[in-house]
Amino acid sequence: MHDIRLIRSNPDAFDAALARRGEGPRAQEILAIDESRRAKIKASEGAQAERNAASKLVGAAKASGDEAEFERLRALVASKKDEQAALEDAVKAEEARLTGLLEVLPNSPYDSVPDGADEADNVEINRWGNPRNFSFTPVEHFEVPAAAAGLDFETAAKISGSRFVVMKGAMVRLQRALAQFMLDTHITKHGLTETWVPVIVRDEAMYGTDKLPKFGEDSYQTTNGWWLIPTSEVPLTYTVAGDILSDADLPIRMTAHSQCFRSEAGSAGKDTTGMLRQHQFEKVEMVSITKPEDSDAELERMTKCAEGILEALDLPYRTVVLCTGDMGFGARRTHDIEVWLPGQNTYREISSCSTTGDFQARRMNARFRRADGKPEFVHTLNGSGLAVGRCLIAVVENYQQEDGSITIPAVLQRYMSDAQTISTDGQLI
RNA sequence: GGAGGAGUGGCAGAGUGGUCGAAUGCGGCGGUCUUGAAAACCGUUGAGGGUUUACGCCCUCCGGGGGUUCGAAUCCCUCCUCCUCCGCCA
């Protein structure tokens, strides 16, 4: 949510930021409503003050036995009450209009974010590792025999439909190993606190993390109105909703491993083969809550945490800063990490780390207090560390062998009974 | 699922129709005392909004929403949350 005072104090900057995200100017319209809203607040409060004053005199008139005065004041209070009620309704209507406008406007990008229309305009800021030289033509993950032995899309379709998978044997073991390795690394090396959260949440949590009202169709809702989380960013970030934290509590750094659910509305026909884009997938998420002055450094730190996982797995990647046109709704700056997929002969997104500044904090009223200071909004950041399913794909494709087997990355072997290979028929050896 | 009970300031906890944004205690902050600290004593200490150059003034908030009343923390309705007991259950 945008800060109305900021818009008031610099409407041109607000519109300029919107323009960078491809939105038309809105400041004039917003400020007109704001002005009308404030005028109505003034009128409403004035009527309320008069009502309060008269109301105080009623008791005194009654006590002194002045029945005429008592009745006169009573009538006055009653009329002021009606007047005030009408004015207050007008205030609420204006506030609803204002909120309705603001809550669907995307966050303002930082100056450091490159302008651009789509992913073609993203700017690479880091590249690590060299894609392996294959003595054969590498194939996609679902075509690698050792992986194909454990991936069953037909059965998944029978149970649930398209964009689901049933995994068996070594594949699931590998996925579990990856998640464990990511969590353990974040906990022991990166200092994040492992957190376990609900995957079913209320409206408020979705709204507070800017998934509602605009992106409801991207997520699933239960019949009683709860939402299946599209990412554990939602429950993790919402842990601090409504709180006034002490500055000594910050930063808060959390990590969670959870199932994520996405309807993938609008991506029909995209990535339909394999398990790159699923309705249900696993993700290890990182969320940080910081003081405003610390969030830029925290984004760098978080990005490094995610990159560290890929480096430990010896998977080549590049990191890009998303341009204004490719950035998500709530982000001020986003780093995407793209892992090399030899089967697709390209880099594909495996992590996205964003700072929202105080955008989410305003929506969920998450604040902190410095010694002797007034409450201030925290900054919130979120990032994948990493998408487990996509990491599984990356391991399969990068570690595939000519005979159809898969070599297990060294750091994962201890999670897989010290096996070194997944054989062509899907056995650990 | 059934039956009860409860949600008040950072925390604990009074307040059951007006003088209550709210006693008291703890905690925090400032001060007196002290070489320093502790103790004791004194003072101070919620949030949001409107308005003002500013000092300040005004409005709202006692879990959320609605209602009764001249007047609501207090009465009524409703929702949410927590607790206790029973039932069921991973």
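Naming convention: chains lettered A, B, ... in sequence-line order (proteins, then strands); numbering from 1 in each chain. All values below were derived from every heavy atom in this structure, side-chain atoms included, with hydrogens, water molecules and symmetry-related copies excluded. The structure displayed is predicted, hence computed values, not measured ones.
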(request) Any strand is fair game: report the nucleotide pairing with B:U69 by Watson-Crick or G-U wobble, both distances under 3.5 Å, or none. (result) none
(message) Tell me which nucleotide, if any, is Watson-Crick or G-U wobble paired with B:A40 when both distances must be under 3.5 Å.
(response) B:U32
(message) On the nucleotide B:U81, are OP1 or OP2 found under 4.0 Å from the side-chain N or O atoms that A:Arg202 carries?
(response) yes
(message) Just so I know, are the side chains of A:Arg362 and A:Asp358 near enough to count as touching, which here means a heavy-atom distance under 4.5 Å?
(response) yes
(message) Strictly by Watson-Crick or wobble contacts shorter than 3.5 Å, is anything paired with B:C82, and which nucleotide is it?
(response) B:G5
(request) Measure the distance from CG on A:Asp249 to C1' on B:G10 and round it to the nearest whole Å. (result) 12 Å
(request) Return no unless some side-chain N or O of A:Arg369 is found under 4.0 Å from OP1 or OP2 of B:G28. (result) no
(request) Just call it for A:Arg362: base, sugar-phosphate, or nothing, with non-hydrogen atoms closer than 4.0 Å on any strand. (result) nothing
(request) Under a 3.5 Å limit for both distances, which nucleotide forms a Watson-Crick or G-U wobble pair with B:U16, could you say? (result) none
(message) For B:U52 and A:Lys42 - does any side-chain N or O of the residue sit under 4.0 Å from the phosphate oxygens OP1/OP2?
(response) no
(request) Provide the Watson-Crick or G-U wobble partner of B:U53, both distances under 3.5 Å; none if there is no partner. (result) none
(request) Assess whether atom CZ of A:Arg38 is packed by more than 12 heavy atoms of other residues, nucleotides or ligands within 6.0 Å. (result) yes
(request) Could you tell me the separation between the CG atom of A:Asp34 and the P atom of B:G50, rounded to a whole number of Å? (result) 8 Å
(request) Starting from the 5' end of RNA chain B, give me the residue, A:Glu95 or A:Gly46, whose nearest nucleotide shows up first. (result) A:Glu95
(request) Classify the side-chain pair A:Ser267/A:Arg277 by whether it contains a donor and acceptor separated by less than 3.5 Å. (result) no
(message) If you only use heavy atoms from C-beta on, which nucleotide in B:G66, B:G48, B:G49 is closest to the side chain of A:Pro375?
(response) B:G48
(request) Under 4.0 Å between any heavy atoms, over every strand shown, what does A:Lys40 touch: base, sugar-phosphate, or nothing? Just pick one. (result) nothing
(request) Identify which nucleotide among B:G66, B:U51, B:U60 has an atom closest to any side-chain atom of A:Gln48, counting heavy atoms from C-beta outward. (result) B:U60
(message) I'd like to know if the side chain of A:Ser295 pairs up with that of A:Thr290 as donor and acceptor (distance under 3.5 Å, no hydrogens or angles considered).
(response) no
(request) For A:Asp152 and A:Val166, indicate whether the former's side chain and the latter's backbone hold a donor-acceptor pair under 3.5 Å. (result) no
(message) Here's a test of your reading of the structure: between A:Ala49 and A:Arg5, which maps to the more 5' nucleotide of RNA chain B?
(response) A:Arg5
(message) Suppose we define a pair by two distances each less than 3.5 Å, Watson-Crick or G-U wobble; what does B:C11 pair with here?
(response) B:G25
(request) Return no unless some side-chain N or O of A:Arg367 is found under 4.0 Å from OP1 or OP2 of B:G48. (result) yes
(message) Does B:U51 have its OP1 or OP2 closer than 4.0 Å to a side-chain nitrogen or oxygen of A:Arg38?
(response) yes
(message) Please report the distance, rounded to the nearest Å, between CD in A:Gln84 and C1' in B:C58.
(response) 13 Å
(message) My understanding is that a pair needs two contacts under 3.5 Å, Watson-Crick or G-U wobble. By that rule, which nucleotide pairs with B:C61?
(response) B:G46
